[in-house]
Every structure is written in C-alpha cells, then in structure tokens.
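This chain uses plain numbering: 1 for the first residue, then up along the sequence. Atoms within a ligand are numbered from 1 in the order they appear, just like the ligands themselves. Everything quoted here is computed from the prediction, not taken from an experiment.
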Amino acid sequence: MKQLTFPLLLEPKAMKRMEIFPLMRYMGSKYKLIPWLHETFSELEFDSALDAFSGSGVVSYLLKSMGKEVHSNDFLTFSATITKALVENNSTLIEKSDIDFLLNLEVKSDNFIETTFENIFFTRDELIFLDKISQNISELTSPYKKALALTALFRSCLKKQPRGVFTISGNLEKYDDGRRDLKLSLKEHFLEQTKLNNKVIFDNSKRNVSYNENIFELKNPNLSPDLVYFDPPYVPPSDDNCYVKRYHFLEGLSKYWHGEKIMKETKVKKIQKKFTPFSYKKTAIQAFESLFDQFSESTLVLSYSSNAFPDLETLVSLMKNEKSNVEIKSKPHRYHFGNHATALRSNVMEYLIIGRD
Ligand SMILES: C[S@@+](CC[C@H](N)C(=O)[O-])C[C@H]1O[C@@H](n2cnc3c(N)ncnc32)[C@H](O)[C@@H]1O
C-alpha cells in the first residue's frame, strides 16, 4: 500500500507526521480522507476528542498530531492495541535489546498457532515463529512494548495475506503477483514494522488513552471529550461488514486466543463474531439515537457514506434531536476494498455530519 503524500495544509507539522504513519489495509479505513478530516477538524474548536470506532487508528493518530488529548476506542482488542502503541504511548520504543529478546526462537512455547492454522495461513515455520514470538511478547513487562510488538506483528501478518483479509486459506499461489510484501518473511516484516512504529512515537504533551470497549459501555466519568468522532460500520447494500470475519486471526493473536472460542467447523478457524447494532437494519437507527444521546454534551462529527443504511436524511434528523446546529460536508470517494469485485470499486459520496450547540 502506498504511503500518503499530502499537500501542505493548515498545519504542516501534523501532515508531515501523517505521511510517515504506517498504513494498514483495513476495511472502511479513512486514511485517504485524512486531509479532508484534518481540514474539518481544524475548523472546529476543541482540545480533547474521542475517536469512538478507531479501527486502524489513523484518525486517532491525526488527532494526536493536531495536539489534541485523544481518547480512542474500539471493541476489537487488536484495534485498541494499535492505538495503545501509537497514540496512548508517548515515549516508549522497541530497542535493539527488545528485538533480541523477541526474536529468541529457542524459547519454549505453546504450539497453539502451529496446530490450529496448519495449511490454513502461513507456512509451518511462520506459524512456529508466531507461537514463539507470542510467548516472548507475553513476557515483556512494559504494556507499551507489548502493544508495539503486537502492532508490528498484526501489520506483518496482514501484509502476507494476498487480499489483506483472513477469509481465504490454503493455496494462495494464484494471488502471488510478485509483490514484495508476499516475498518477505514474517520476521523480515516484523523488523521493518518495528522500525516504522518507532519513527511515529512522539509526545504531544497530552494524556491520551486507548479503550477497548463496546461504545455503549464506555461510560467513564473522567471521559468528557469536547468532540466525538464516529465512524461506525454501516449496514452495507450487499455482502456484510463483519470485521471479525475478516480479521479474526489478528483479534485472536492480540490475546493469543485466550477467552475466544474457535469455531472448529469453519475452514479458516474463525472466532465468534461480535454483535454490533450498527450492522443490522432492525437495530441501526436506535443505535445512532442512543449514540448521539450518550455524547450529547460534545460536538459530534459523524462519517457516513452514501451507499449505506440509514440514509443521510434520517441521520441528520437524529442528530438534530440533540444538536441545534447540524452541518453536512460532502466529497466524492472511491473505496478500493471489499470482499468481492463490486466492493473493490465502489464510488460513493462521503459525508461528514457535524452537530454543534
Ligand atoms: C469503519 S471502522 C473504523 C475505521 C477507522 N475510522 C479507520 O479509519 O481505520 C468501524 C470500527 O468500529 C468498530 N466497532 C463496531 N461496533 C462497535 C461497538 N459497538 N463498539 C466499539 N467499536 C465498534 C469495529 O471493530 C471497527 O474497527
């Protein structure tokens, strides 16, 4: 995936940081819309922000780069691990001695990954590598080093999947187009990704926090952000939008599958999907209503794309229940991601719905 280059915008320093942010291929990621989000956030007055559905962490990192106190949240542990490593963490790096420790493959480890994913994902040696490095990561005492090592590992694993998802298994040769990402070993990727992580750690002089909660349960009394950014999943016109189906391997890896139940009958050994009301027509409208009510004290910014349910009019009217001033910004956008040919090329209008008092 190409790194972004941005024209000099309002805050060249923030945009420079975004140019080195290691991108991750993630369904619905807003990385291509970062300049637009940056412009929009720059027009609003706020010191603290909650990125309620942080996904790849790119928007949280933008907010951090803009000098805001950032609270990030995602109910997937692997997403929350990324923001712990790159947003909450203001100074911890992975040092040479940590690398030596992490890459000690002589260590005794469980062989859960090797036995569970044999002939499904990766080679046998790579599966053993993942068991060993997971053991070493579990022994790190610094939570930030743990999060950094896992973040490097997530990106490494994803880069080795030809289509950037864990829905297909077995012989992937037909997808091998000679890409460098497919040629590099997991260990080589890991070393590269660790360096990239180290480059983007910085202190924005704020106490940033990463949460791993269902958004409706994020009711911390100390959390009263000036602005909340929402980028939830939307009910798609076809297919589904299940993140666990696509990224179950990374979610499992984030906790070495502890507390997760593998669905043994599935080809790719998925874990159970997590229910979110945003994915179903029956529950989505009520979910938005509750969400806006939960954060009614804050400025609200909602990302929305035109090919989804509920429609723009409904969302605007729901936001108007809580906010007296609701503004819509729009921009044509092309998503290059999905599980089938049509999703790979969907042209949509991307909206930002902004609610203020
Ligand atoms: C569209 S993605 C966010 C993408 C992100 N803005 C980015 O640029 O990478 C939606 C995210 O919402 C998360 N999610 C879905 N339902 C949730 C819930 N009820 N509570 C917290 N997170 C949820 C998913 O795990 C997913 O990462």
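- Taking a cut-off of under 4.0 Å to the non-hydrogen atoms of N73, the atoms of ligand 1 that pass are 21 (C).
- Here Y351 pairs with Y304 under the ring-ring contact (aromatic ring centres under 6.0 Å, His included) rule; sequence neighbours left out.
- Ion pairing of E188 with K160 is absent here, as no side-chain N (NZ or NE/NH1/NH2) approaches a carboxylate O to less than 4.0 Å.
- Closest heavy-atom approach to atom 8 (O) of ligand 1 within the set M27, M24, K30: this belongs to K30.
- In this structure, D231 pairs ionically with K30, as a charged nitrogen and a carboxylate oxygen lie closer than 4.0 Å.
- For ligand 1, the atoms closer than 4.0 angstrom to any heavy atom of S56 are 7 (C), 8 (O), 9 (O).
- Considering backbone and side-chain N/O of Y31, none are found under 3.5 Å from N/O of ligand 1.
- Ligand 1 lies within reach of E213, whose nearest heavy atom is under 4.0 Å from it.
- Looking only at heavy atoms of the protein, atom 16 (N) of ligand 1 is closest to T276 OG1, 2.8 Å.
- In terms of protein heavy-atom proximity, atom 11 (C) of ligand 1 is nearest to D74 OD2, 3.5 Å.
- Taking every heavy atom of V58 and a limit of under 4.0 angstrom, the matching atoms of ligand 1 come to 8 (O).
- Inspection of the S290 and Q286 side chains reveals an N or O donor paired with an N or O acceptor under 3.5 Å.
- One finds a salt bridge joining E260 and K255 here, because a Lys/Arg side-chain nitrogen approaches an Asp/Glu carboxylate oxygen to under 4.0 Å.
- Ion pairing between a basic and an acidic side chain is recognised when a charged N comes within 4.0 Å of a carboxylate O; E43 and K329 show such pairing.
- Geometrically, K270 does not engage F249 in a cation-pi contact defined by less than 6.0 Å to the ring centre and at most 45° from the axis.
- If you check each of Y234, F278, Y61, F53 against atom 12 (O) of ligand 1, the one with the closest non-hydrogen atom is F53.
- In this comparison of L76, L291, D231, the heavy atom closest to atom 10 (C) of ligand 1 sits on D231.
- Ranking the protein heavy atoms by distance from atom 1 (C) of ligand 1 puts Y243 OH, 3.0 Å first.
- Contacts of S54 with ligand 1, taken as heavy-atom pairs under 4.0 Å, involve the backbone alone.
- Heavy atoms from both the backbone and the side chain of N214 come within less than 4.0 Å of ligand 1.
- Near S29, the atoms of ligand 1 lying under 4.0 angstrom from a non-hydrogen atom of the residue are 7 (C), 8 (O), 9 (O).
- Considering N208, N89, N90 as possible partners of D203, the one that fulfils the side-chain hydrogen bond (donor to acceptor under 3.5 Å, both in side chains) test is N90.
- Atom 20 (N) of ligand 1 has as its closest protein heavy atom I215 N, 2.9 Å.
- Here the protein heavy atom with the shortest distance to atom 18 (C) of ligand 1 is F75 CD1, 3.5 Å.
- Ring centroid separation for the pair F41 and W36 does not come in under the 6.0 Å cut-off.
- Screening R155, K187, K159, R180 for a salt bridge (Lys or Arg N to Asp or Glu O under 4.0 Å) involving E192 leaves a single residue, R180.
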